[in-house]
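Since the structure comes first, as structure tokens, the remarks are kept for the end.
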Amino acid sequence: MSYCRPRFNGCVRTVRRYVAELKEKRDAVAYVRFETMPGQQAQVDFGDFVISCSDGSKLTIYCFIMVLGYSRKMYIEFIDRCTLANFLKCHQKAFEYFGVSPARSFMTT
């Protein structure tokens, strides 16, 4: 039984071998962990999520996340609007949650 399309003259084994090579190359990418001293920095980012409601409408919510550089401790908050006011409020709440304010905070890209 062949799973290949008629125009493809190879076999499934050839495709699997090719895909395995691609996965090896993809998985070989390494990321260097950014190390800092305690209290030196936090990384901040926003994410957005689209939720399908029961009435068929769509709702976008945003996720603020702050990660301390040394401990990797996280603060996460979901908000309904991505505004400067909310951004600053989330920072304040994160600092209260951590009990400290890092020397610097930056957005990840």
Side-chain angles (χ1 to χ4, degrees):
M1 176 188 263
S2 174
Y3 294 100
C4 300
R5 296 190 184 260
R7 291 185 179 183
F8 181 69
N9 294 327
C11 65
V12 172
R13 188 173 32 212
T14 302
V15 174
R16 287 184 179 152
R17 189 172 33 243
Y18 177 74
V19 170
E21 290 173 12
L22 290 177
K23 285 183 177 181
E24 281 181 35
K25 289 178 185 175
R26 179 198 66 194
D27 294 342
V29 175
Y31 296 94
V32 177
R33 183 175 159 145
F34 195 76
E35 299 292 341
T36 66
M37 296 302 294
Q40 288 299 303
Q41 77 169 24
Q43 296 176 8
V44 176
D45 204 356
F46 267 110
D48 59 284
F49 301 88
V50 177
I51 299 171
S52 298
C53 300
S54 58
D55 64 359
S57 64
K58 305 271 187 196
L59 174 68
T60 301
I61 60 170
Y62 301 91
C63 177
F64 170 91
I65 181 168
M66 180 181 284
V67 181
L68 296 181
Y70 180 77
S71 67
R72 301 294 192 237
K73 190 173 181 182
M74 288 185 214
Y75 174 81
I76 299 171
E77 182 173 344
F78 291 94
I79 55 177
D80 61 348
R81 294 183 338 148
C82 200
T83 63
L84 179 59
N86 280 343
F87 183 71
L88 296 175
K89 284 178 192 174
C90 287
H91 271 79
Q92 288 175 323
K93 289 180 182 178
F95 297 150
E96 289 171 10
Y97 172 76
F98 294 134
V100 296
S101 168
R104 63 185 179 149
S105 175
F106 64 93
M107 292 286 293
T108 57
T109 55

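Note: hydrogens, waters and symmetry copies are ignored here, and every other heavy atom, side chains too, is used.
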Quiz prompt | Members sharing V50's hydrophobic cluster (side chains within less than 4.5 Å) | solution = none
Quiz prompt | From CA spacing to verdict: side chain to side chain contact (heavy atoms under 4.5 Å, CB included), N86, D80 | solution = CA-CA 9 Å; N86 280 343; D80 61 348; 4.2 Å; yes
Quiz item: Regarding K73 and the six-membered ring of Y97, is the cationic atom NZ or CZ under 6.0 Å from the ring centre and inside 45° of its axis?
Solution: yes
Quiz item: Nearest 0.5 Å, what's the OG1-CZ distance between T60 and R81?
Solution: 13.5 Å
Self-check item: M74: hydrophobic cluster co-members (side-chain, 4.5 Å)
Solution: F49, I51, L59, I61, I65, V67, I76, F78
Self-check item: Evaluation steps, side chain to side chain contact (heavy atoms under 4.5 Å, CB included), between C53 and K58
Solution: CA-CA 6 Å; C53 300; K58 305 271 187 196; over 6 Å; no
Practice problem: List the atom of V44, the atom of F64, and the distance in Å for their closest heavy-atom pair. | Solution: CG1-CE1, 3.4 Å
Quiz prompt | Gap separating the NZ atom of K89 from the OG1 atom of T83, nearest 0.5 angstrom | solution = 7.0 Å
Quiz item: What is the minimum heavy-atom distance between K93 and Y75, and which atoms define it?
Solution: CB-OH, 3.3 Å
Exercise. Find the distance between CD (E77) and CZ (F46) and round it off to the nearest 0.5 Å.
Key: 9.0 Å
Self-check item: Inter-residue atom distance I79.CD1 - F87.CZ, 0.5 Å rounding
Solution: 9.5 Å
